[in-house]
Every structure is written in structure tokens, then in C-alpha cells.
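Just so we're on the same page: letters track the sequence lines, and every chain starts at 1. If you're wondering where the values come from, they're calculated on a predicted model, not measured in any experiment.
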Amino acid sequence: MSDLAVSLPAGTDSIGFEASGPRGPKPRHVFSRRNIFLYGTLIVVALYYLLPLYVMVVTSLKGMPEIRLGNIFSPPLEITFEPWVKAWSSACTGLNCDGLSRGFWNSVRITVPSVILSIAIASVNGYALANWRFKGADTFFVILIVGAFIPYQVMIYPIVIILREIGLYGSLSGLVIVHSIFGMPILTLLFRNYFSSMPDELFRAARVDGAGFWGIYFRIMLPMSLPIFVVAIILQVTGIWNDFLFGVVYTRPDTYPMTVQLNNIVNSVQGVKEYNVNMAATILTGLVPLVVYFVSGKLFVRGIAAGAVKG
Amino acid sequence: TDLEVTHWWTSGGEAAAVAEFAKAFDATGNHWVDGAIAGSGGTARPIMISRITGGDPMGATQFNHGRQAEELVQAGLMRDLTDLATRDRWAEIVQPKSLLDGCTLDGKIYCVPVNIHSWQWLWLSNAAFEKAGVPVPKNWNEYVAAAPALEKAGIIPLALGGQPWQSSGAFDVLLTAVGGTDAFLKVYRDKDADFAAGPEVAKVFKAADDARKMAKNTNVQDWNQATNLVISGNAGGQIMGDWAQGEFQVAGQTAGKDYTCLPGLGLNEVIATGGDAFYFPLLQDAEKSKAQEALAETLLDPNTQVAFNLKKGSLPVRGDIDLKAANDCMKKGLDILAKGSVMPWTDQLLSQDTQKQKEDLFSEFFAKPDMTVEEAQKRFADIVASAD
Amino acid sequence: MSKSERPNQLFRNLNAKVASIPMVLTALVIFVGGSAWTVLYSFTNSKLLPRLNFVGLDQYYRLWSTPRWLVSIENLLVYGVLSLVFSLVIGFILAALLDQKIRFEDTFRTIFLYPFALSFIVTGLVWQWLLNPEFGIQGVVRGLGWESFSFDPLYNSEIVIYGILIAALWQGTGLIMCLMLAGLRGIDEDIWKAARVDGIPTLKTYLFIIIPMMRPVFITALVIIAAGIVKVYDLVVAQTSGGPGIASEVPAKYVYDYMFFAQNLGQGFAASTMMLLSVVVVIVPWAYLEFGGKKHV
Amino acid sequence: MTRLENASVSIQDLSLNFGAISVLETLNIDVAEGEFIVLLGPSGCGKSTLLNCIAGLLDVSDGRIFIKGKNVTWEEPKNRGIGMVFQSYALYPQMTVEKNLSFGLRVAGIAKDEIAKRIARAAEILQIEPLLQRKPSALSGGQRQRVAIGRALVRDVDVFLFDEPLSNLDAKLRAELRVEIKLLHSKLQNTMIYVTHDQIEAMTLADRIAVMKGGVIQQLDAPQTIYNRPVNRFVAGFLGSPAMNFLDGRLEKNDGNWHFVAEDVRIPLATYAFEKEPVPGAAVFGIRPEHVAFNSGSGWPFTATANVVVVEPMGSDTLVWLKLGNQNFTVRVTSERTPNNADTVSIGFDPMRASLFDAATGARL
Amino acid sequence: MTRLENASVSIQDLSLNFGAISVLETLNIDVAEGEFIVLLGPSGCGKSTLLNCIAGLLDVSDGRIFIKGKNVTWEEPKNRGIGMVFQSYALYPQMTVEKNLSFGLRVAGIAKDEIAKRIARAAEILQIEPLLQRKPSALSGGQRQRVAIGRALVRDVDVFLFDEPLSNLDAKLRAELRVEIKLLHSKLQNTMIYVTHDQIEAMTLADRIAVMKGGVIQQLDAPQTIYNRPVNRFVAGFLGSPAMNFLDGRLEKNDGNWHFVAEDVRIPLATYAFEKEPVPGAAVFGIRPEHVAFNSGSGWPFTATANVVVVEPMGSDTLVWLKLGNQNFTVRVTSERTPNNADTVSIGFDPMRASLFDAATGARL
Ligand SMILES: Nc1ncnc2c1ncn2[C@@H]1O[C@H](COP(=O)(O)OP(=O)(O)OP(=O)(O)O)[C@@H](O)[C@H]1O
Ligand SMILES: Nc1ncnc2c1ncn2[C@@H]1O[C@H](COP(=O)(O)OP(=O)(O)OP(=O)(O)O)[C@@H](O)[C@H]1O
Ligand SMILES: [Mg+2]
Ligand SMILES: [Mg+2]
């Protein structure tokens, strides 16, 4: 063996080096300048982001007299759930005094099929574009992407005419179709990127195994696409739930979604503006997408990385 | 039969008023399905029109009578009510006659007017003037003169909501009051652009400039929030149509005691025969069509008229009914009506397109202190020149 | 020798083609057809109902001489540029901060992202309220004794567009941050190490090395922001309705107002066409480069 | 070119373009029944493309493909009687091993008990019985590769296609699985077409190797032939690690004997077997590092002295990098007799084992 | 334990934990000035971690690091006098090669002409002058790797750290660059610490190899020592391809002579040099494939017959996989004398070249 030693037990004295001097981990201060800057910035920014939510919640828990007195940031002296009850079940628009509750179920009835249909169509499109490239597919895709930039207002009128011609105007299915159409560009892009980032060999293996277009889609691709489906679901649930324009143009009062009801309640000023009711209604309306988002936030970030960053 | 009725009456007074219609209609054995759309006519009308043109019409819908539904009628989407009108002798009961003209196209009647709305009112808060230590003004000029005192007392002299139609309406009121009825008609009926660019209208713009200065601290959007400023004494007054009265009423205030109303800004006491009307889209369903007739009758029923207009603060469309319960301000209105000092309003005279341009102009004018009166008048004359 | 002939190309991958029918229909009927229809009717004087009554370029002359349209365009430019810059900058900075292996990363990320779940209507309402000079931030600060404090962007024509921007950024930067974070996480660890060994300070590493490497992420973010900018409407309506006066008008609102409020479809279509045109001029070449090329197998 | 009568796979005039880029050009191969063919070539030469054409995963631009005498040029992949194993394994991540194996069979609607039988057989051959209920993510690289082979196995096909099946594995595992594949082939006696860019794999596995470059097959021959008698300089240089030594020089005839002359090096070619009658001119002389010996006295037809640049001991043997004249030269020797850095050594070899190439065309002389 | 007086890099009692996981445990190495040390070990054994600790890219949990006699345990990476080359090259993709090389220097505020001089020198040494204006994306793998080395070179440092710098390259290029690195080292005479899991690289490059496993250095020695006298079974098995043959059996003393006995195989150990006095018991006998010969008559201390399983011709030589008893056995022979499949052959070797390990601890006997 050479005269150089290996892995001998610790503590052996060494020659030629000072025995003291830095040893072990570099000391780190919890309050280093870096940390103060880092967390300071984050906390300040977080406060900015939380402020509106805080104000909404606090206000919705105050009574009107207290609101008139004053400070929107001060916590409620006396917590009341009256505004929430009112916003949910008895706020009036015209003669309808059933608050948001009716809109809630309408929104559910609109959102669920729209989300399912739009994601179903877009995922199949994305899959066809990524794996079964046929002639002209790219052209349609580019048109679709450009479509993502077209302001909805431009399309309202032509769609009214198209829906009238196919007899779906004012019906729920009509609105579902509209949502599917406008969800298509960005979802198709997401799915296409995601499916192209999956190894091509997987697709080839399945073809050698004899699976066809739908076989590969349902049995190979779908089970592997959870992250991107989560992203698509979040985007669509928030998008469709929050939609106002289509909801108001393509439905009728008994099928108004929640956002339209919210707008009605907020804009139906009876006497003084009941800010607490408005805020409660606002929170209630935002609750569904918020919950969806909080529940699946982690998957969302992961899916975004898979669908939007690559490809 | 269920009949869906769309309208944009969602403020407190309005909602209470429309409830009267619903009650009366339900009493006929039908059912009023309320389709209130909040915001303003501006928000609601596109939705109504989309639904009618989109093939999903409601049973009946509110419009301002005049030219808003003109094209829908021309396109044959609206129901012809002439037979019903002849049977129920509308021509005789509707007062003033000009109201029914707004519903008539090519000799056929397409709508049921339900009230008369006049824009030409100045609403003043007695409490505010008391606080400022000046007497409640009798007309616009006194009011302008009192503005500095109000301001000193921390009171906004004039409440003016941010929505464009409010600025535009306020100007039209100033035009009738300061310029006179003839000037109004010359500009809007005859579309005389030279006149609109002339010195008489310049006077009106001068008044509008005063109003702009007086209103500069109002930070509300909705008209009834502005009204609320007056009710609470935070603002001295507001130029607003008679519907504002409903808000005073809901707030439990009494005309003459808590607030003062000056028709025609106290300068030119006339009443414009604008107002609301119901149109009935053409429906396939025979049952619904029958219900439409029942609704039309209900709307003109004397009792309903009284109940509705008392709540709404507007004037009834029939002259043959007794409004004992009417308050001070309404009585003033009824008197003017009785005197026959009536005039048409912009809804009847101008297309929505021109109205919208006017709104754009005046909302800009009232919001932008550095826009000169001359520039505004020039642009106004341009709009008048291209108006239809 | 059976089947030695090349089979009909139309029927190869037939299923894929069938499955793409919704996309093809949407692209052709809705986007192309709808746009063409809009362009066609922009040359007519349609009022409440579309009528093929051609008036040439009248609608366009009128459009470009309307002060409100010009204001709208100007606002869109200001808003667009600022929201692009700020979204990217803030989104990136937040992502970079979150990427420092910090504690509670999930919490912070959730906080920054939650506004994205809220609609523009809600966003607009809340910020309209917060920025209300009487009882919003200005009112509260004044209440604390600082009487001269002034912060009322929504009621000041000069700066109203910034007031809208504040709300827009609050709503939208979370998503951009998410994208950036994903992009940062995708960068090879070794690059960071190499930069540290080279003694390059963190800021310079970001500026000269990391950001240039994140080009694809920036492009994705750019597309998302840009698509939102052209469409901005709800936020303005909920916050200011275009006011004070016409100070915060935007093109999409002009289109909507003239099509429906003013019952002048022709004018609305002309404005739509201008918007379409600008979108097409900017997007099509880019989209073709990005997606039409032969990048994939 | 003669055609195999009973070719298992026969490719005739195959061309393939991606748009304007021509990747394969009128390519012909016949693979005999039960033969193990390796496609070898540098990255991007079109190996995978060719394999995908055979599998039916790419539409050919021209030419025909026969499998078992049947024209399958426009057939769907599943109807070609092929099984394929991919570089990245391409296992379906959400299915267990058993499901992975049975997927194709289930799609084809084969009876349950038949499926079970086939899986049992494949699992036994590949010794993956204990893994059947695991997901691919719970397998090691080698196990995954075996499952991937199993998926081809259960399809009960005549032709196996492998696309660099081992290149994602580490060296040790690669060596082991190489042997397994070899054993599998001798057990099944299927036709196998195997793509790789690793020459060791090619040399050890193939019955015949097809060396490709730029979409063209350079040489199709038994491994030893390709190693010892490469048809051109590319093939010679591509095979062998460390690479063959090349000396640039001229072919000259002196005194009736051919010589290769490079500056001051003069190699007699009396023992070299020319392909055809040589003509004087620029040529390249190639000799493999292991065919050169050190300090070998005068036993060799050619000897010279050279300077040692680097010595690389590799355990079992040692590479010595030399300068011969001013040209680089590598010698491979067993570990025992190694010179030191900067030594001057004498080397010798027999030109019989060398290869001579035309300097311009690269063709073997 | 003695310490090098003038160690270039000295690591004392280094420990590193990631949370509860201990990756490195009280590790000690001294690297002499100008020495080329290779850290060799399987994936995940902590090689990169150790290198990152030396570079200052990871904060150590315990212990000290000296570079050039200076305690740099808490020093920033740039102040440690090290240059580092990464597996993925880690070139700044949007900068030209020149910018890549100069960026660190410019940031450090070094004078323009000094920078130019250093780049010129590095470019000359690495022969990348023509590439200076290109972006990394326009370079081949080997060129990128050279630029990455150049980035360390311009920093004018005493210690170079390499983290698997060649493992992303193909075999051919790897062989070439290996030689270049070796030459670079002999030119610069820097201290170099080089991480790899490729034993060929380790064997050819290192002055000394540190074989690591699970965060512990198993053996630190010259390559030939490690190859020929591995201190334990892990080291023996890790080095060499194909791997050393291991036979499980027992150590027995018969008639005063030690024998290794595995079933019917009985190997006399007269020529074997024991580390220490042997005791009877379970043991593992290891012999490298190239130390076994075929048909060797009676010249060998040990001979036996075995069955051929597979023959793998690899060009320069041939691997023969055998069954000896029922244990697998590999023999490596030059190409000329190869048996055929399923032959029965006789083999022989000298136990002098073998290694014996304790069956339980794996330590060399
Ligand atoms: N879809 C495609 N479009 C255009 N060119 C392609 C396409 N697919 C492959 N090529 C080109 O065809 C050539 C051959 O590719 P191929 O994948 O067959 O190479 P390979 O020999 O398998 O290489 P490797 O060893 O890297 O797998 C390459 O030059 C590649 O760039
Ligand atoms: N940030 C970390 N957190 C937790 N464990 C880690 C971290 N980084 C590395 N490890 C663990 O430390 C061990 C050593 O990792 P290291 O990267 O040093 O291995 P290596 O020898 O370089 O392997 P390879 O040859 O694959 O590069 C591994 O088991 C790894 O899982
Ligand atoms: Mg390939
Ligand atoms: Mg490593």
C-alpha cells in the first residue's frame, strides 16, 4: 500500500495543517441579509395578494352600520353571517329574491358538461395532432391558435346566428358548445404539447401491438395524462365558472349562471349598496374554482410544466 | 301560463313597482316569470335583442318606447298589437296621445306604454342647504350661485353618477331648461347642426361647464348611489329623472320637507314624454300568445297603473285615473302634464347610435376638466350633423 | 403480390381525421367563417340587424375619426405594454424568489396563484372597492392621519389605466409565476454550479444566463398574456365601465358597446375587423414559425 | 444482386424522404429465415428509420417490403408478423408487467387461456415470473428491457425488430443482456433485425452485420469479414476500438514489388492480398492496434521505431499511443509488456492483416 | 496516519448528510500536487457529492477541506482556486464560445488584454480557435466538452474537478477525449480530481483511483494495484469488463496446503499470496477472464474442463461464456483460438493471479 492513507477513523491528528480553523457547516444566520430580503419581499408581496381576499372576507362578516363607520381593513367588531345568508338565499334582482342559490345550480349544470365536453374534444385533438399528423392538420391548428386571440365580442354575433340556425340558441347545450369552442384553442395546445412530450416509442409500441387510434388513446395515453388533465380541468372549471359574457348572452334568466346572478345582485342597488352582501356573494361565487384550485394546486404546477413549458 | 318578462328595473323603487305588475298579472291566472337584468338599459338591451334575434324570445320585454326596437319590428320579430289596441280603445285612454305614436310603425301598434318618464328634474337636499346656510334654491341659476357655499360646508354641490347616460341626460335637461324647448327640438328633431354650433347652444354648454365643476367630486357610478348622496345630505342636488323619486320614497323621505324637486330645473317647466313600454315578441305558442294579451291588458289597467306609478315615481299613461296618493312632486308633474307642456324625448328622436355617441361625448366632457367648452360643442355639432 | 399499390391517402388514419372534425369545424366555421362574416358586414351600414347594405369604407372612416376609438387604442397600447412587461418581470421575480429553496414555498405559491381562480368580474369589483378614494386605501390612510395622501387611480382620468393594471396584475401574475417556476426548475442544475464556480453573482447569472435560456417559457407566457390583453373587457367593465368619462375605454368594449348598446353593428364589425387584423398580423407569422414548422416527427 | 429464395424479410429498392431530405436511398436487403442481422452505423444514418419502415411505422416513399414472402408495404404494423423492442423500453407505465405483455393480445381479441399460456411461456423464457404483478416503475433497467422483449415474444411472430435495446443500460448490464439476447436467439431461432451503434454488440450478436452510413448500406457481411476485410475506409474506421490506425501515403511499385510509402515509412506489400490489380497512387494504409507488436525482433515483414505519447493501461490490456513519423499510431498489447511514456520503441506487423484503401474513394484495394 | 506535507487538496473527516440521509461519512483523502485522482464508483455512491463539497457547491456537515494548505471549508467556490467541468457541459447556451470562456473573467474584473491572452492560450491548448465565435448549439459533443474544459482552464487554477465529463459522448469520442485529457494533464501538471463510473477511464487516466461505495472509499491506490490486488470483493467485481469470475466455496487446508474447494472444483493455492494467515471457512475465489487460458496442457497449477455456453467474438478478441460445474465462468482469449458453442473445453490458470475473499465480509484474504 502506498504511504497515503485512506478512510482512517476521525480525529487522527494531521500534520502540516492548523488544527483549528473552519470546520463543519458554514454558519448560517437565520436573519442573514439574504433571508431578510427574501422572506421580506415574499411576505410583502403575499400581503398584497392577500389584501383583497382579506377585505372581502372581513367586509362580508360586518353589518352595514359598521361598514359605514369605516375602515375596510379593520376586523369586524361583531361577526355576522347575515350577509352570507342573504347573498346565498335572499338577495334580490328585480322580483327574484333567491340570491345566488339558483345560479349555483345553473353554474353546476353548465360547468360540468362543458368541462367534460371541451376536455374530451381538446384531448383527442391534441392527441391526433401530436401522434397522427395528417396533411393540413397544422394549418387547422394554427387557425385554432389564432382563434385564441380573437376577442370574444367579435364572435358573439356570428355565434348567435349559428346557434339560431342549428336551433340551440338559449338552451344549455348551446352554451356548452360555445364553451367547448372557446376552450378548444388553448386546451388543444396544452394537450398537443403534453402528448408530444411523451415518448414517441410508446405510441409506436402500441401500434405494433395492434392498438388503433382509439385504443391507443383510451388505453395508453389517457391513463398517463393525469397532470395535464388536472391542468385542463382547473383551467376549464375556473374559466367556465367565471364566465360572464357567454352566460349572459346565450342563456335566459332561469338558466343564468352564478356570475350573472352575482352581477345582478351587485348591480341591483336597492337603497344603499350592501357591500357586505356583495362581498359575501363575490366570495361565494369564487368559492368553487378556489376550492378546485386549492385541492389540486400541486398537480397544477406539475401539469403546467408538462403542458406549457415543454413542446 | 308562465310568461317570461325581461326588464332592467332592479333598484329599490323600481323593483317595488314592477312587483305590482307581477301581482296583477298573476291575479289573471297566469304567472309572471321575472327576468330582471341588472345594470341599466345599456346592459340589458343587448341581451334582449340577442335573444329575440337568436330565436329564443321571451314573452314580453321592456324597452324605452321610441326607436330602440324599431328594427326588430321591421324584421317582423315583434307582435302586432293593433287588434288588441282597437278593441281596448287605447287611442282614447292613453294620454298624452304622443305616447302611442312612439309605439306605432306604419300605422300598426307594437307596444304598450306603461309610464311617462321625464328627465327634467332637479332634486335638492334641504338638509344640505341648511347645513351650508343658504336657502334652498328655486332654480338652476340660484343653485349654481349656492355651489361655493355648499362646497365650503364639505358638501358636493351636484351629484352625478359615472355612467355615460347620466351625463348625456343631464346635458339634455340643461338644453331644455337653459336653451328652451325649441332649441331642444331644433337640435334633436331637426338635427340642425349649425344651430347646435351656435351661440344659443353655447349658453347651454356654459351651464354644462358649471355643472361639471359642481359635480367633480362625485365618486359613484350608479344613478341611485348619486341619489343616495342627496338623500343623505352629502350632496346638494342631482339632475335626474322622476324615477329618483322612488328612491326618496324608499328612504322614507317626504317631498317638500326633506327634499325639494324642481321640474325643468325651475327654468322651463315641461315634461318629456319619454317612458317605458312593453313589446311582445312574436311567439309560436298559442297559449303564450294569449297570455301576452292578458299582460298587455293588465299593464294598462287603471288600478295597476296607479299602483305601479306610485311606487316608481313616474306618471301614469292614462289621464282618466285618480292619483290621490300622489306626493308633492308627482302632483307638480301631473299639473304640467295637465297644462299640456309636453315634449318628445331623445329616445323617440334619435337612434341608439347617435345616443351612444352623445353619451361618449358627455361622459368624456364631464369627466375631463381640461376639455374646453368649445371643443365639446364642436364635437356635439358633428354628432348632430351625422345623426339619424 | 397483393396490396402493392399505394392505398388511397384519404383513408389512411381515417380515425384521426374523423376525431379532428370538431377542431376542423371550429377552425373553419367559427374562426374563419365567423371572422369572414364579420369582415364582410363591416362594409355595410347594418344597425340592429345585419343587412347586406354596402357602404364601402364609411364605417372605417368613422371609426378612425372617433375620439373614443383612438383613446381605446391608446389605452390598449399602454395597458398592453405595461402588463406584458410587469407580468413577465413580476412573474419572473416571484418565481426566482420561490426557487431559492425557501420554506413554505407551497403556501407562498398558493397565495400568489389564488387570484387566478377568480373571475375578472370579481377581481374588478374587489379592486374597485379597494381603490375607492372614500373608504378604500386612500380613505383608510387618510383616516390614519395622513390627510394629504392621495391614491385614487380609478377616479383620475390620467392614471385610471394603471388602476386597471393593478387589478390585472393581481389576477394574472400568479399563472405567469407558475410557468416561470416550472421553467426555472427545468434548468440544468449544473448551469448554476458552473456559474458559482465561475464566481458570477446571482443577479448576473439570472440576467445573462438563466433568462436567455428560458426563451420558450417566456414565449409561452407572452402568448398567454398577449391573448389576454387583446381581450381585456370584463375587468374594465367591472372596475370603471370605461370611466371616468372615456378614459379607460378599450377596443373590445368599443366593439361590444357599438354592436349592442348603440345598435350599430356595422361600426362594431369595423372595430372588430381592426382588432382581428392586428391579431392576425402579429400572430400568424409567429404561430406558423412556432407550430407549423417541422419540429416534430 | 441475388435474391434469397426463402427470405424472411426482403427489402427491395426502399427509399424514404422526409420532405426534401432523403434518408434512405434505394436500399436492398434480404434476411434469411432465422438470421440475426445487425444494422450498425453512426447516429443519424437511418437505422431507426429503416427499422420503422419494416415495422410499418413509417410510410415508405418508394420500394417494397416483403415479410415471409408477403408484400406488406402498405400493411398495418400489427398485421406484419413482427415484434419490436425499443430503446426506451416503451413499456406502458400504468400497466403491470402482465398487462403490458397481454395488451396486444387482448387488443387482438385472443382467448384468455391462450393469453395466459403465452405469457407463462414468455415469462419462463425471460425469467420474469416474479415480476408479473409489478409496474414498470418498480423494475430495474435490465428487467424492463426483458419485459420489453417479452412483449415482442408473446406476439408469436416470425421477425423481431430491436432498436438499440441496450443503449440505455450501463456497461455491465449491457454485457449480460447481450448474452441473454444471444441465447434467446439460439433458443427461438427467429429472424432478428437489431439496430445498434455499438460495435461490440454488433460483433458479438450478428450473423451478418449491415454497416450503414447516410442511408446507404456500406457492407453486409459476417462480423469477422467486416472486421478483417472492410470494404472501405468508413467501415474499417467505424469498427474496432481503439480505431484502426490509418497512414496516409502512396502505393508504389519498386523492383516489381508493391510498397506503401508514407514519408519515411516504407511498408512492403508482398503478403497483402489485393482485391484487384493495384495501380500506383495515393492510398491509405490501415492496421488494427492489436495486430501490431512491440520489440518483436525481425520476425515481421515490417518493423519501425516510434515514440510513445501516452500509455493507457486498461486493466486487461494496455493501449499505447505512438507517433510514427508524424502520424498517430495506436498499439494494443497485453498488460505485461508495456513501455513507458516518451520511450522510443520498435514495432512490427504483418501487412497481410492490414487493409489498403483508395485515398479518393475510400474503397478497399 | 500520515498526511502529505504538501497536499494540494486535503479532505479531513468530511461528512455530509441530506437531512437524515448520510451520504458521505468521515471521509479522508489527500491529493498530492499535480496528481490525477479518479473517484470511481457505482451510481449514487456519492462521487458527485464529494466533488461538490470540494468545489464548495455543497455545504459540508462536518470536517474540513484544505486546498493548497488553505482551509477553504467555508470559502465561496470562486475563491477556492478550482475549475470544474460538468457532465452536461453546462455551457451558457446563448453565449459564443469566447463569451463562455471569458464571462467569469469579465465578471471578476480582469483586464481585457489579460482575458484575451488567457483565452488564446486555452483555445490553443484545446485547439478550439476556429470555434470561438460559435454558439454551443453549433458544436459537436466533443467540442462542447473541450469548451467546458476551456472554461476551467482560463480560470488559471490549481485544481481541476471533473464530474463525469465524458459520459454523454459516444464510445469513439470518449476514447479520443480521454487521451486528450491525459495529454492535457501531462502538459499542465495540475492537480485533477475526476469522477467517473467508467472503469476504463479510471484505469487509463488515474495516478490513483479511489473506489467508492455508499459514501465510503473502499480502496485508494494505483490503477494496477486496484486491478490486480483489490482489497475486497466489491472492488474486484466493480473493475474489469467482463467482470472477474467468482466461485463460491470454502478454504481448506489439506496436507499442509491450502486449497479452495467449490463442489467438484479444487484449486491449489500454493502460489497465492495471502494477505494474512488464512483460516478455513467460506470464501470466494476470483479470477479475471483474461488470466484464464484454453487447452493449455499441464503448464498450469490448475486445470479443469468446462462447457461452452456462448461465444462472443468482439473483433480484437473473443469472450467465451462457460459453465464450470454449475457456476458461470468467462474466459477472454485472442481471436485466433476460439472454441465453438457447446464444445467441452479444458481451461487452466495460475492462482497467483487470483484473488480470495472472505465470504462474509468480502475482505481480501
Ligand atoms: N420526422 C423526421 N423529419 C425529418 N428528418 C428526420 C425525421 N426523422 C428522422 N429524420 C432524419 O433522418 C435521419 C435518420 O434518422 P434515424 O433516426 O433513422 O437515425 P438513426 O440511425 O436511428 O440514429 P440514432 O443512432 O441516433 O438513433 C436523421 O438525419 C434524422 O435527422
Ligand atoms: N439534494 C439531495 N437530497 C437528498 N439526497 C441526495 C441529494 N443529492 C444527492 N442525494 C443522494 O446522495 C447520494 C449520492 O449522490 P451523488 O449524486 O453524489 O451520486 P454519484 O455517485 O454522483 O452518482 P452518479 O454516478 O449517478 O452521478 C445518492 O443516493 C442520492 O440519492
Ligand atoms: Mg435510432
Ligand atoms: Mg454524479
- Query: Could you go step by step and tell me if E:Met95 and C:Ile209 meet the side-chain contact (heavy atoms from CB on, under 4.5 Å) rule?
  - Reply: CA-CA 8 Å; E:Met95 300 185 189; C:Ile209 298 172; 3.9 Å; yes
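Atom CD of E:Glu129 is surrounded by more than 12 heavy atoms from other residues, nucleotides or ligands within 6.0 Å. Around NZ of E:Lys182, the count of heavy atoms belonging to other residues, nucleotides or ligands within 6.0 Å exceeds 12. The environment of CD in C:Gln100 is crowded: more than 12 heavy-atom neighbours from other residues, nucleotides or ligands sit within 6.0 Å. Counting heavy-atom neighbours within 6.0 Å of C:Tyr162 OH, excluding the residue itself, gives a total of 12 or less. For C:Tyr206, the OH atom sits in a packed shell: over 12 heavy atoms of surrounding residues, nucleotides or ligands are nearer than 6.0 Å.
To the nearest 0.5 Å, the span separating CG on E:Leu57 from CZ on C:Arg196 amounts to 5.5 Å. Taking CD of E:Gln94 as the reference point, atom CE of C:Met214 lies at 12.5 Å (rounded to 0.5 Å).
Top candidate by heavy-atom pairs under 4.5 Å with chain E, chosen from C:Ala194, C:Pro212, C:Gly199, is C:Ala194.
Between C:Val197 and E:Pro77, the closest heavy-atom pair is CA-CB, 4.0 Å. Listed here is the closest heavy atom pair of C:Asp190 and E:Ser88: OD2-OG, 3.1 Å.
For E:Phe103 and C:Phe208, the gap between ring centers is short of 6.0 Å.
Using a cutoff of 4.0 Å between basic side-chain nitrogens and carboxylate oxygens, C:Asp198 and E:Arg155 are scored as salt-bridged.
Judged purely by distance below 3.5 Å, without hydrogens or angles, the side chains of C:Asp188 and E:Tyr89 never pair a donor atom with an acceptor atom.
Residue contact with chain C, scored on non-hydrogen atoms closer than 4.5 Å, involves the side chain of E:Asn52 exclusively. Interface residue E:Leu91: only backbone heavy atoms are found under 4.5 Å from chain C.
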